[in-house]
Amino acid sequence: MSEPIKVAVLGAAGRMGATVVRAVEDAPDLELVAALDADGDLAAVAAAGAQVAVDFTVPAVTEGNVHALVDAGIHVVVGTTGWNDESLARVRDHLADRPGVGVLVAPNFALGAVLAMTFAAKAARWFESVEVVELHHPNKIDAPSGTARHTASAVAAARAAAGVGPSPDATSEGLDGARGADVDGVRVHAVRLRGLVAHEEILLGNAGEQLTIRHDSFDRVSFMPGVLLGVRQVGRRPGLTVGLEHLLDLA
Ligand SMILES: NC(=O)C1=CN([C@@H]2O[C@H](COP(=O)(O)OP(=O)(O)OC[C@H]3O[C@@H](n4cnc5c(N)ncnc54)[C@H](OP(=O)(O)O)[C@@H]3O)[C@@H](O)[C@H]2O)C=CC1
Ligand SMILES: O=C(O)C1=N[C@H](C(=O)O)C[C@H](O)C1
């Protein structure tokens with residue numbers, strides 16, 4: 001058997017980070033060499049000989065972590081949300097100067113969530129109306145979720161490519177926020193409720209019919225197969241990859 005991949009986890013005391021630490025420790029082909037939290041020194045990741053770092057921290061620090069790790073020649077798997085076109089472009093530019101280094105940014109590592117997004121994008125051109133509802137635990141700091149943003153963008157791109165116009169909406173008065181956030185022209189609604197983990201519904205409507213695509217993560221272990229797939233593959237994918245769908249042959 002070949003040498004195990006040396007892995008560091010950033011945000012290791014968090015809900016996701018702690019789950020990733022356990023998953024890496026349980027994987028015979030991976031070796032946990034560093035586990036850092038907010039008070040940790042990023043230099044410890046390179047000092048420990050990490051080949052791949054997994055980032056589940058907070059939107060305010062994740063981009064800085066990625067740039068520092070890329071400088072150190074360490075591949076990065078990022079689950080932290082809050083990324084946008086500009087921050088992704090900065091990482092893509094940085095990687096152009098570091099050939100051989102791979103970064104995977106995925107808003108959702110649950111296989112079912114990736115499939116739900118893919119199915120929604122495929123269905124979107126055939127329906128007059130599409131809206132996205134995401135439902136999460138109330139400790140989540142960003143809204144709407146990274147998954148919902150990624151889904152809405154994919155739906156919008158698929159509709160634009162097919163020449164389908166915006167969902168009909170006669171709303172001309174009401175309270176601010178009642179129609180949710182506008183992501184590339186697709187309405188996205190965020191629910192925060194004690195007891196939930198991570199859930200998403202894509203509602204697609206035509207006259208006389210509705211298709212609902214729903215995914216539920218009941219436990220954070222649901223994200224682990226995708227995270228470990230990313231850890232195993234990121235070193236073989238130089239440059240920036242956005243979305244787990246690219247590793248699943250679904251893009
Ligand atoms: N891609 C995916 O599949 C998934 C993505 N997520 C995303 O992952 C992120 C984390 O979620 P979750 O685990 O629930 O959040 P938590 O708040 O539980 O965890 C975040 C952790 O990061 C730590 N942290 C803050 N700053 C730093 C830093 N500079 N270096 C290292 N660690 C730091 C925090 O420490 P402290 O509390 O001390 O500040 C905390 O322990 C979110 O953006 C969430 O949206 C979540 C689930 C799945
Ligand atoms: O914060 C969470 O919990 C989650 N965050 C990700 C997101 O914002 O999409 C993924 C999943 O929904 C869980």
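Nothing fancy with the numbering, it's 1 onward along the sequence. Remember, it's 1-based here, ligands and their atoms both numbered in the order they're listed.
In this structure, atom 19 (O) of ligand 1 lies nearest to the protein heavy atom Gly14 CA, 3.3 Å. Protein heavy atom closest to atom 35 (O) of ligand 1, with residue, atom name and distance, is Asp37 OD2, 3.0 Å. Looking only at protein heavy atoms, the nearest one to atom 45 (O) of ligand 1 is Thr81 OG1, 2.7 Å. When hydrogens are left out, the protein atom nearest atom 14 (O) of ligand 1 is Arg15 NE, 2.9 Å; that is the closest non-hydrogen contact. The nearest protein atom to atom 6 (N) of ligand 1, hydrogens excluded, is given as Gly79 O, 3.7 Å; this is a heavy-atom distance. Counting only heavy atoms of the protein, atom 4 (C) of ligand 1 lies nearest to Phe56 CE2, 3.6 Å. Atom 29 (N) of ligand 1 has as its closest protein heavy atom Val61 CG2, 3.6 Å. Atom 2 (C) of ligand 1 has Pro107 O, 3.4 Å as its closest protein atom, hydrogens excluded (heavy atom only).
For ligand 2, the atoms closer than 4.0 angstrom to any heavy atom of Lys140 are 1 (O), 2 (C), 4 (C), 5 (N), 6 (C), 7 (C), 8 (O). Atoms of ligand 2 found under 4.0 Å from any heavy atom of Thr147 (numbered from 1 in listed order, with element): 7 (C), 9 (O), 10 (C), 12 (O). With ligand atoms numbered from 1 in the order given, ligand 1 contributes 41 (O) to contacts under 4.0 Å with heavy atoms of Ala13. Below 4.0 Å from some heavy atom of Ser145 lie the following atoms of ligand 2, by number and element: 7 (C), 8 (O), 9 (O). Annotation for ligand 2: atoms under 4.0 Å from non-hydrogen atoms of Ala198 are 11 (C), 12 (O), 13 (C). Every atom of ligand 2 with a heavy atom of Asn108 under 4.0 Å away is listed here by number and element: 10 (C), 11 (C), 12 (O). Within ligand 1, the atoms closer than 4.0 Å to a non-hydrogen atom of Met16 are 13 (O), 46 (C), 47 (C), 48 (C), numbered from 1 in the order shown.
Side-chain contact between Asn139 and Arg194 is present, with at least one heavy-atom pair separated by less than 4.5 Å. Leu104 has its side chain within reach of Phe109: a pair of non-hydrogen atoms, C-beta onward, lies under 4.5 Å apart. Two residues are said to be in side-chain contact when any heavy atoms from C-beta on lie closer than 4.5 Å; Val9 and Leu32 meet this criterion. In this structure, the side chains of Thr147 and Met117 come closer than 4.5 Å at one or more pairs of heavy atoms.
The protein does not reach atom 37 (O) of ligand 1 closely, with no heavy atom under 4.0 angstrom from it.
At a 4.0 Å cut-off, at least one heavy atom of Ala106 sits close enough to ligand 1 to count as contact. Using a non-hydrogen distance threshold of 4.0 Å, His137 registers as a contact of ligand 2. Residue contact check for ligand 1: Gly40 places no non-hydrogen atom closer than 4.0 Å to it. The closest approach between any non-hydrogen atom of Arg220 and ligand 1 is not below 4.0 Å.
Nearest residue to atom 12 (O) of ligand 2 from His150, Met16, His136 is His136 (criterion: closest heavy atom). Of the candidates Ala60, Ala38, Gly82, Ala35, it is Ala38 that places a heavy atom closest to atom 33 (C) of ligand 1. When the heavy atoms of Gly146, Pro107, Ala148 are ranked by distance to atom 6 (C) of ligand 2, first place goes to Pro107. Ranked by closest heavy atom to atom 9 (C) of ligand 1, the top entry among Asp55, Thr57, Asp39 is Thr57.
With a 4.0 Å heavy-atom cut-off, ligand 2 is reached by no atom of Arg15.
Taking the charged nitrogens against the carboxylate oxygens, Glu63 and Arg90 do have a contact shorter than 4.0 Å, which makes a salt bridge. Using a 4.0 Å cut-off between charged side-chain N and carboxylate O, Glu131 and Arg187 make no salt bridge. Between Arg192 and Glu134 there is a salt bridge, with a side-chain nitrogen of the basic residue lying less than 4.0 Å from a carboxylate oxygen of the acidic one.
Judged purely by distance below 3.5 Å, without hydrogens or angles, the side chains of His94 and Asp71 pair a donor atom with an acceptor atom.
Considering backbone and side-chain atoms alike, Lys140 places an N or O below 3.5 Å from some N or O of ligand 1. The N/O atoms of Leu10, backbone and side chain alike, include none that comes under 3.5 Å of an N/O atom in ligand 1. For His137, no nitrogen or oxygen atom sits less than 3.5 Å from a nitrogen or oxygen atom of ligand 1, counting backbone and side chain alike. Looking at Phe109 next to ligand 1, an N or O pair under 3.5 Å apart turns up.
With rounding to the nearest 0.5 Å, the separation of CG in Leu42 from CG in Asn65 is 5.0 Å.
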